[in-house]
Amino acid sequence: MLLQSIRVTVGLLRPESAQVVAAVGIKYFPPPKNYDHIEIPERQRLRVYDKVPMYPSNLKPPKMQKRLRYMRGPEPLHTTLQLKQYGVIATGGGRMAHQHFEMARLVVARHLDQKRMFAIWRVDPPWQPVTKKGQGQRMGGGKGAIDHYVTPIKAGRIILEVGGKCDYEEVLPMLKIVAERLPFKAEAISQETLEKKARDEKWAEENNQNYYTMKYIIQNNMGGCHKMLSPFDHRWYGKYH
């Protein structure tokens with residue numbers, strides 16, 4: 001009697017049609033990237049730059065003016081990645097001192113896997129002298145003594161490059177740290193993002209429907225803007241400062 005009641009209960013709970021639930025399925029995993037064409041050089045880390053440039057013993061280190069034109073405007077030459085992989089690009093002008101070189105070198109050395117990755121500099125060591133007078137001195141008395149040396153950087157200049165058998169996601173945190181700690185605006189890039197940015201700028205320029213662009217306004221002196229603009233705005237139309 002008990003077995004019969006159990007059978008009736010099970011029969012009531014049993015569904016009329018069977019339900020099939022897929023527990024597993026066919027998944028597609030793309031093949032890993034091929035890095036056979038990449039050769040790792042003997043020196044994987046960034047080289048140490050001298051704090052002071054070397055001059056002959058019979059030559060007194062020369063002083064120099066500020067020459068702000070070395071930092072203003074776009075970079076004409078070093079704007080592409082030689083390794084076609086990853087790097088840090090400057091989006092604004094500024095100066096790199098020795099401590100900034102050391103910061104970038106130590107950050108890259110700490111996060112770089114030397115067995116399959118390497119890094120190279122794309123900027124010169126500090127060469128431009130910056131003078132400074134002592135605290136509390138009066139005006140006059142000639143130009144001050146050389147305090148330190150810097151490297152002027154223009155917008156669009158590649159600071160350093162990272163290459164090897166690695167993906168962009170692996171080196172992105174390291175490049176972001178370097179870009180955030182530089183004394184000017186910079187960002188981490190890859191070859192794909194650099195090409196995409198160039199395509200977007202070209203598309204925006206070709207498909208712009210606003211007739212009154214900054215170039216048109218400056219060229220036609222609309223609103224008498226010439227008396228409020230600098231010669232650099234007339235040259236680059238407000239894009240670089």
Side-chain angles (χ1 to χ4, degrees), residues 41-83 87-110 112 118-162 175 177-189 229-241:
E42 296 182 0
R43 185 183 183 89
Q44 294 87 3
R45 296 187 178 185
L46 297 174
R47 57 173 296 191
V48 180
Y49 278 160
D50 295 331
K51 193 173 184 179
V52 178
M54 299 298 295
Y55 290 103
S57 58
N58 59 348
L59 179 63
K60 183 180 179 181
K63 300 177 183 180
M64 190 180 296
Q65 297 175 344
K66 291 183 179 180
R67 299 186 182 180
L68 298 180
R69 62 182 181 274
Y70 291 166
M71 298 180 289
R72 287 172 171 162
E75 172 64 33
L77 295 176
H78 306 280
T79 58
T80 58
L81 295 170
Q82 291 181 350
L83 306 176
V88 176
I89 186 172
T91 57
R95 289 173 172 174
M96 284 187 67
H98 182 261
Q99 58 266 26
H100 303 126
F101 284 96
E102 283 298 297
M103 175 274 301
R105 186 182 66 85
L106 294 176
V107 170
V108 172
R110 191 179 301 116
L112 199 71
F118 62 95
I120 60 172
W121 287 115
R122 289 294 304 277
V123 290
D124 301 325
W127 60 269
Q128 186 180 16
V130 177
T131 59
K132 184 180 179 180
K133 286 193 174 183
Q135 187 71 20
Q137 290 190 11
R138 292 172 178 259
M139 295 287 289
K143 195 171 180 64
I146 295 176
D147 183 67
H148 60 280
Y149 290 84
V150 297
T151 299
I153 302 295
K154 289 186 176 183
R157 177 70 182 261
I158 303 294
I159 307 299
L160 58 89
E161 290 191 46
V162 176
L175 298 179
I177 294 175
V178 175
E180 291 172 356
R181 296 182 181 180
L182 288 174
F184 43 82
K185 293 183 180 180
E187 62 180 1
I189 58 165
L229 299 176
S230 68
F232 302 100
D233 293 322
H234 289 274
R235 184 182 302 176
W236 300 304
Y237 305 110
K239 188 176 182 179
Y240 302 99
H241 300 284

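Bear in mind the structure is a predicted one, so any value in this text is a computation, not a measurement.
Arg157 places a side-chain N or O within 3.5 Å of a backbone atom of Arg122 that can act as its donor or acceptor partner. Side-chain N or O atoms of Thr151 include one that pairs as donor or acceptor with a backbone N or O of Asp124 at under 3.5 Å. Side-chain N or O atoms of Glu161 include none that pairs as donor or acceptor with a backbone N or O of Phe118 at under 3.5 Å. Although no hydrogens or angles enter the test, the distance criterion places no donor-acceptor pair under 3.5 Å between the side chain of Trp236 and the main chain of Gly73. Within the 3.5 Å criterion, the main-chain N or O of Pro183 finds no donor-acceptor partner in the side chain of Arg95. In this structure, the side chain of His234 does not engage the main chain of Pro231 through any donor-acceptor pair within 3.5 Å.
Few gaps surround NZ on Lys133; more than 12 heavy atoms of other groups in view lie less than 6.0 Å from it. Sparse packing is recorded around CD of Gln65, with 12 or fewer heavy atoms of other residues, nucleotides or ligands lying under 6.0 Å away. Other residues, nucleotides and ligands contribute more than 12 heavy atoms inside 6.0 Å of the NZ atom of Lys63. No more than 12 heavy atoms of other residues, nucleotides or ligands shown are found within 6.0 angstrom of NZ on Lys60.
With rounding to the nearest 0.5 angstrom, the CD1 atom of Ile159 is 4.0 Å from the CZ atom of Phe184. Between the CD1 atom in Ile158 and the CD1 atom in Ile189 there is a gap of 4.0 Å [rounded to 0.5 Å]. Rounding to the nearest 0.5 angstrom, the gap separating the CG atom in Leu182 from the OG1 atom in Thr91 is 10.0 Å. Within the model, atoms CD of Gln128 and NZ of Lys66 stand 11.0 Å from one another, a figure rounded to the nearest 0.5 Å. Between Arg235 atom CZ and Arg72 atom CZ the span is 9.5 Å, to the nearest 0.5 Å. Here the CE atom belonging to Met64 is positioned 9.0 Å from the CD1 atom belonging to Ile146, to the nearest 0.5 angstrom.
Across Leu160 and Ala104, no two heavy atoms sit closer than the pair CD2-CB, 4.1 Å. Of all heavy-atom pairs between Lys143 and Thr131, the closest is NZ-OG1, 3.4 Å. In terms of heavy atoms, Trp127 sits closest to Tyr149 at O-CD2, 3.6 Å. The shortest heavy-atom contact between Ala188 and Ala179 is N-CB, 4.3 Å. For the residue pair Pro126 and Pro53, the shortest heavy atom distance occurs at O-CD, 3.8 Å. In this structure, Ala119 and Val162 approach most closely via the heavy-atom pair CB-CG2, 4.1 Å.
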- Query: When you look at Val123 and Phe101, which way does the side-chain contact (heavy atoms from CB on, under 4.5 Å) test go after all the steps?
  - Reply: CA-CA 10 Å; Val123 290; Phe101 284 96; 3.5 Å; yes
- Glu102/Val48 under side-chain contact (heavy atoms from CB on, under 4.5 Å): CA gap, chis, key distance, verdict: CA-CA 8 Å; Glu102 283 298 297; Val48 180; 3.8 Å; yes
- Kindly indicate, with the supporting measurements, whether the criterion side-chain contact (heavy atoms from CB on, under 4.5 Å) is fulfilled by Leu175 and Val88. CA-CA 6 Å; Leu175 298 179; Val88 176; 3.8 Å; yes
